[in-house]
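The analysis underlying the following values was restricted to heavy atoms, covering all of them including side chains, and did not include hydrogens, waters or symmetry mates. The shown structure was predicted, so the numbers you read here are calculated from the model rather than taken from an experiment. Every chain is numbered from 1, with letters handed out A, B, ... down the list of sequences.
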Amino acid sequence: DAKTTQPNSMESNEEEPVHLPCNHSTISGTDYIHWYRQLPSQGPEYVIHGLTSNVNNRMASLAIAEDRKSSTLILHRATLRDAAVYYCILRGNTGANSKLTFGKGITLSVRP
Amino acid sequence: DAGVIQSPRHEVTEMGQEVTLRCKPISGHDYLFWYRQTMMRGLELLIYFNNNVPIDDSGMPEDRFSAKMPNASFSTLKIQPSEPRDSAVYFCASSFRVGEQYFGPGTRLTVT
């Protein structure tokens with residue numbers, strides 16, 4: 001499985017932007033970059049995904065490096081509710097490659 | 001839609017007893033996944049189904065674990081006999097094709 005590397009933790013202030021980095025130097029050409037997050041005592045929830053181009057949705061933005069070896073999840077204005085573990089995952093779109101393999105993720109703390 | 005439904009939410013049982021966890025996926029989804037989460041091992045995929053057929057059970061820890069999906073709206077994960085090391089939070093997730101996965105709230109299992 002292609003692997004991702006994330007810092008263990010990050011702190012942010014409420015209402016400020018947050019940039020969560022992810023390295024994936026062994027990414028293959030067909031791997032999508034997915035982000036999920038897990039709020040305390042809840043199941044993971046989908047955040048965003050992309051292949052090559054930057055992506056935006058109502059929750060976040062995903063900035064993908066030109067060589068695709070790294071990406072950054074951007075929360076534009078952190079709220080207390082954004083405190084969670086964020087997982088960066090590489091995922092193919094066919095067969096066994098479509099499985100989600102969760103690493104340790106990055107724990108985001110948000111200060112009021 | 002009510003989302004993925006899991007029952008029970010909490011289960012406490014004694015070692016050696018049979019445990020059955022239940023999952024109702026989102027209507028129309030054709031993939032169903034069972035995960036287990038512990039502090040030591042993180043979030044692990046146990047098994048997944050496509051159109052009610054088990055596709056990959058390589059994550060099932062041992063023969064004490066079994067999973068079934070008799071129809072598109074119901075799946076069970078059974079542990080027989082249960083052991084203390086099976087204590088974990090078990091999540092069920094579903095998706096349409098290989099799209100984003102929607103997770104249930106989880107079942108917290110404690111085996112004493």
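- Cluster membership for A:Leu62 and A:Leu108, using ILVMFWY side-chain heavy atoms within less than 4.5 angstrom, is shared.
- Panel note: side chain A:Tyr46, backbone B:Gly99; no donor-acceptor pair is recorded below 3.5 Å.
- Residue contact with chain A, scored on non-hydrogen atoms closer than 4.5 Å, involves the side chain of B:Phe91 exclusively.
- Interface residue B:Leu45: only side-chain heavy atoms are found under 4.5 Å from chain A.
- Side chains of B:Phe33 and A:Lys99 form no contact here, defined as non-hydrogen atoms less than 4.5 Å apart.
- Within a 6.0 Å radius of CD in A:Glu66, other residues, nucleotides and ligands contribute 12 heavy atoms or fewer.
- Residue A:Val55 is grouped with residue A:Ile27 when hydrophobic side chains (ILVMFWY) are merged at heavy-atom distances under 4.5 angstrom, including chains of intermediate members.
- With a threshold of 4.5 angstrom between heavy atoms, A:Tyr36 approaches chain B through side-chain atoms but not through N, CA, C or O.
- Annotation: side chain of A:His34 is not in contact with side chain of B:Glu100 (no heavy-atom distance under 4.5 Å).
- No more than 12 heavy atoms of other residues, nucleotides or ligands sit less than 6.0 Å from atom CG of B:Asp63.
- With respect to chain B, the highest number of heavy-atom pairs below 4.5 Å among A:Pro44, A:Gly43, A:Gly103 belongs to A:Pro44.
- Clustering ILVMFWY residues whenever any of their side-chain heavy atoms sit less than 4.5 angstrom apart, transitively, puts B:Leu21 in a cluster other than the one holding B:Tyr48.
- B:Met69 and B:Tyr35 sit in two unconnected hydrophobic clusters of ILVMFWY residues. Membership requires side-chain heavy atoms under 4.5 Å apart, directly or through other members.
- In this structure, CZ on B:Phe103 lies 8.0 Å from CD on A:Gln38, to the nearest 0.5 angstrom.
- Within the 4.5 angstrom heavy-atom criterion, no atom of B:Glu44 approaches chain A.
- By the neighbour-count criterion of 12 heavy atoms within 6.0 Å, atom CZ of B:Phe74 is densely surrounded, having more than that number from other residues, nucleotides or ligands.
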